[in-house]
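Bear in mind the structure is a predicted one, so any value in this text is a computation, not a measurement. In what follows, chains carry the letters A, B, and so on, assigned in the order in which the sequence lines appear, proteins first and then strands, with residues in each chain numbered from 1.
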Protein chains: 2
Amino acid sequence: MASTGARGGRKRGPSIADVARLAGVSAQTVSRVSTGAEAVKPETRAKVLLAMEQLGYSPNRAARALRDGRYGSIGFLARRFDRTGEALTMDAVLRACEAEDYSVTLLSAHDTTSAEWEPAARRLQNQTVDGIIIMRAEGGAGDPLALPATMPVVVSDSRAHGRYPRVTTDEMLGARRAVEHLLDLGHETVHYLAGPEDSEPARLRTIGWRAALTDRGRATPEPIWGDWTPQSGYAAGSAFAADPTVTAIFCANDEMAFGLMLALHAAGKDIPGDISVVGFDGISLGRYSVPPLTTIRQDFPQIGRELVRMVLRQIGQTHPHSVPDSIVPLELVVRDSSAPPRR
Amino acid sequence: MASTGARGGRKRGPSIADVARLAGVSAQTVSRVSTGAEAVKPETRAKVLLAMEQLGYSPNRAARALRDGRYGSIGFLARRFDRTGEALTMDAVLRACEAEDYSVTLLSAHDTTSAEWEPAARRLQNQTVDGIIIMRAEGGAGDPLALPATMPVVVSDSRAHGRYPRVTTDEMLGARRAVEHLLDLGHETVHYLAGPEDSEPARLRTIGWRAALTDRGRATPEPIWGDWTPQSGYAAGSAFAADPTVTAIFCANDEMAFGLMLALHAAGKDIPGDISVVGFDGISLGRYSVPPLTTIRQDFPQIGRELVRMVLRQIGQTHPHSVPDSIVPLELVVRDSSAPPRR
DNA sequence: CTTGGGGTTGTTAAGGTAAACATAGCAACC
DNA sequence: GGTTGCTATGTTTACCTTAACAACCCCAAG
């Protein structure tokens with residue numbers, strides 16, 4: 001009976017006006033205290049802080065955002081978030097954003113292949129972000145993002161050539177290092193397990209692999225094409241195991257290398273005795289595969305910092321997308337999966 | 001010279017008023033079209049949509065949030081985001097949120113051990129979220145989050161007993177299944193590599209392990225304590241390898257199992273010939289370890305859906321935290337790392 | 001004693017949206 | 001023909017904050 005029940009509705013915490021009333025000052029003075037800026041007499045400030053404390057006040061971010069047209073948040077767009085590359089980059093981006101007092105909003109573009117992309121892009125514009133970091137957008141259509149020209153954007157690992165500033169690792173150089181490492185060990189040539197053809201980094205790694213072989217006058221065997229997953233690595237491993245000429249394999253990422261090594265093992269091949277394997281990425285579990293995986297390590301924390309730095313730098317610019325690209329270095333990490341070929 | 005240069009400032013896209021003017025209707029009508037709700041004559045709607053299209057209008061989310069006190073976003077709080085459990089859960093949460101037209105804002109609480117926690121909690125309240133999902137908050141202080149009583153919260157995997165509704169897996173049952181699997185294979189007892197003592201799931205798994213052994217009247221050897229990392233798994237593996245009585249090991253997570261298996265391998269132990277290993281989590285790479293890892297698989301997508309469902313259900317409630325807990329089932333996945341003991 | 005200036009506080013307005021309420025047009029019915 | 005009732009649209013207002021400007025106080029200098 002008591003109509004008191006469903007008084008629910010919005011909760012609406014205390015506002016700046018409530019604090020002002022309690023502290024006996026104007027709202028503006030409260031604002032000054034909460035933004036920290038202006039000159040406020042110490043005793044007034046104390047009164048205000050006390051009132052804030054008592055009411056449990058914290059400023060309303062929506063109102064603030066509306067006021068000055070900024071949201072204090074960066075959007076992170078990817079197709080998936082549970083893969084190593086995305087997860088490591090995201091963690092790094094988050095830490096970098098935190099240091100700048102920005103938050104991170106996740107934006108997903110799951111099936112960017114076709115019609116699904118359009119609503120995703122539309123939704124994107126509605127998001128409350130001051131800038132967007134686009135991660136690994138393989139499969140995206142040619143002209144994927146109809147973003148406002150003033151929206152700060154930085155791209156990692158995508159094929160959006162030239163449209164937006166990029167933070168990349170030198171994929172080609174990394175692939176080259178991997179191949180040269182194996183050649184230096186004495187292998188005649190290096191077989192290759194590639195990433196999906198619609199991925200820009202995969203494409204670049206393939207170019208690097210081929211160039212390294214060509215430069216030394218070695219044969220370039222036909223690569224096998226995977227899709228980044230260990231499953232595809234396993235399939236490739238089975239195929240390679242059937243070819244007795246294979247003594248060294250470069251995998252376009254570590255996860256495929258895991259699958260590949262298991263397949264080689266299952267086929268009775270010894271790593272690195274019969275076949276050497278090198279991966280790419282430097283995922284943490286790579287130290288603990290059997291055997292531990294030689295790989296090209298990407299500096300994900302550095303990538304994250306660069307991404308954030310570049311997107312923040314664009315904020316407020318008239319032509320934000322003119323920021324120069326940034327390249328983050330790579331490192332060869334030699335572990336036990338690579339060795340000289342058995343004579 | 002030209003002072004045209006730094007005209008920068010805020011960009012401010014077209015507003016509802018601009019659309020209204022162009023379409024020759026009132027702002028309210030535009031609003032009706034953009035929220036989709038009310039009755040609008042089809043031809044009016046068409047005019048408005050055309051105007052929106054021409055101006056590239058999209059509603060200002062800050063204004064909308066200010067208007068109706070909701071942000072359309074859920075906060076996801078964790079200490080790290082690059083570990084498997086967090087990444088998988090987060091991916092699942094994101095997908096579930098998307099289905100409900102919510103976005104996900106990342107909130108981090110890196111070093112929650114001590115003084116660092118306070119500012120983190122404070123920052124939390126400033127975030128633009130309608131609810132918070134707290135993930136694996138091990139190490140948090142006893143009374144970590146001074147969140148408003150009306151803020152919807154759901155906890156996964158944390159020690160915040162009873163304070164907030166939880167979505168958990170039945171850790172104890174999972175551990176029990178792992179142990180019973182090994183006992184059923186004929187092992188005399190099961191050694192244990194535990195997670196960190198300040199983690200609630202780790203604690204529960206330990207209880208499950210102990211209970212399973214006790215129920216069958218088996219000895220409960222002293223566990224080794226790890227910290228979830230493969231590094232700690234490696235150290236534990238070296239220790240176990242030195243004990244000839246060890247024939248079966250249950251690891252509190254898969255990543256430690258990776259390190260442990262490498263250490264056993266390095267010590268010349270055969271898996272599962274000499275020692276069987278069972279993990280916990282069901283990470284995707286577990287299928288591709290050498291040998292493939294028997295494990296207790298958590299249904300992360302389901303966990304994500306439950307978390308979102310429970311936090312959304314609290315929105316608008318007067319006593320949001322009274323929602324009942326939810327338990328997501330686990331599954332034993334038998335692969336090659338477990339087998340009967342060698343006679 | 002007046003004037004001026006620096007330091008502190010208050011008042012006004014604007015930012016974009018959508019609920020609540022108000023109005024206008026029109027058809028049906030007595 | 002006038003009343004009723006419905007649909008479509010317009011007007012007002014509140015949401016909360018902060019920049020810009022105005023007002024005020026007090027002390028120092030003329």
Enquirer: Do the side-chain N or O atoms of S34(B) get closer than 4.0 angstrom to the phosphate oxygens (OP1, OP2) of dA18(C)?
Expert: yes
Enquirer: Round to a whole Å and report the spacing from CZ of R61(A) to P of dT17(D).
Expert: 12 Å
Enquirer: Does a side-chain heavy-atom distance below 4.5 Å link V167(A) with R309(A)?
Expert: no
Enquirer: Using side-chain heavy atoms (C-beta onward) and a distance below 4.5 Å, is V25(B) in contact with V48(B)?
Expert: yes
Enquirer: For T29(B) and for A27(A), locate the closest nucleotide of DNA chain D by heavy-atom distance; then report the residue assigned to the nucleotide nearer the 5' terminus.
Expert: T29(B)
Enquirer: Decide yes or no on side chain to side chain donor-acceptor pair (under 3.5 Å) for S103(B) and T105(A), but give the supporting numbers first.
Expert: CA-CA 7 Å; S103(B) 64; T105(A) 297; 5.5 Å; no
Enquirer: For dT9(C), does OP1 or OP2 lie under 4.0 Å from any side-chain N or O of T44(A)?
Expert: yes
Enquirer: Grab the CD-P distance between Q28(A) and dC24(D) for me, whole Å please.
Expert: 17 Å
Enquirer: Output the rounded distance in Å from OH (Y71(B)) to P (dG16(C)).
Expert: 18 Å
Enquirer: For the pair made of CZ in R67(B) and C1' in dG15(C), what is the distance, rounded to whole Å?
Expert: 15 Å
Enquirer: Calculate the interatomic distance between R21(B) atom CZ and dT11(D) atom P; express it in whole Å.
Expert: 14 Å
Enquirer: Closer than 3.5 angstrom, by distance alone: can the side chain of D91(A) be matched with the main-chain N or O of L88(A) as a donor-acceptor pair?
Expert: no
Enquirer: With a 4.5 Å limit on heavy-atom distance, are the side chains of V33(A) and T44(A) in contact?
Expert: no
Enquirer: Within the pair S15(B) and dG15(C), is there a side-chain N or O less than 4.0 Å away from OP1 or OP2?
Expert: no
Enquirer: Once you round it to whole Å, what is the distance between P of dA20(D) and CG of D68(A)?
Expert: 12 Å
Enquirer: Rounded to whole Å, please give me the gap between CG in L66(B) and C1' in dA14(D).
Expert: 9 Å
Enquirer: Which nucleotide in the set dT17(D), dA18(C), dG16(C) lies at the smallest distance from any side-chain heavy atom of T35(B)?
Expert: dA18(C)
Enquirer: Look at the side chain of A63(B) and decide which nucleotide, out of dG16(C), dG10(C), dT17(D), has an atom nearest to it.
Expert: dG16(C)
Enquirer: Ignoring backbone atoms, test whether R64(A) places a side-chain nitrogen or oxygen under 4.0 Å from the OP1 or OP2 oxygen of dT18(D).
Expert: yes
Enquirer: Mind calculating the distance between CG (D18(B)) and C1' (dT17(C)) to the nearest angstrom?
Expert: 13 Å
Enquirer: When you check the phosphate oxygens OP1 and OP2 of dT17(D), does a side-chain N or O of Y57(A) lie under 4.0 Å from one of them?
Expert: yes
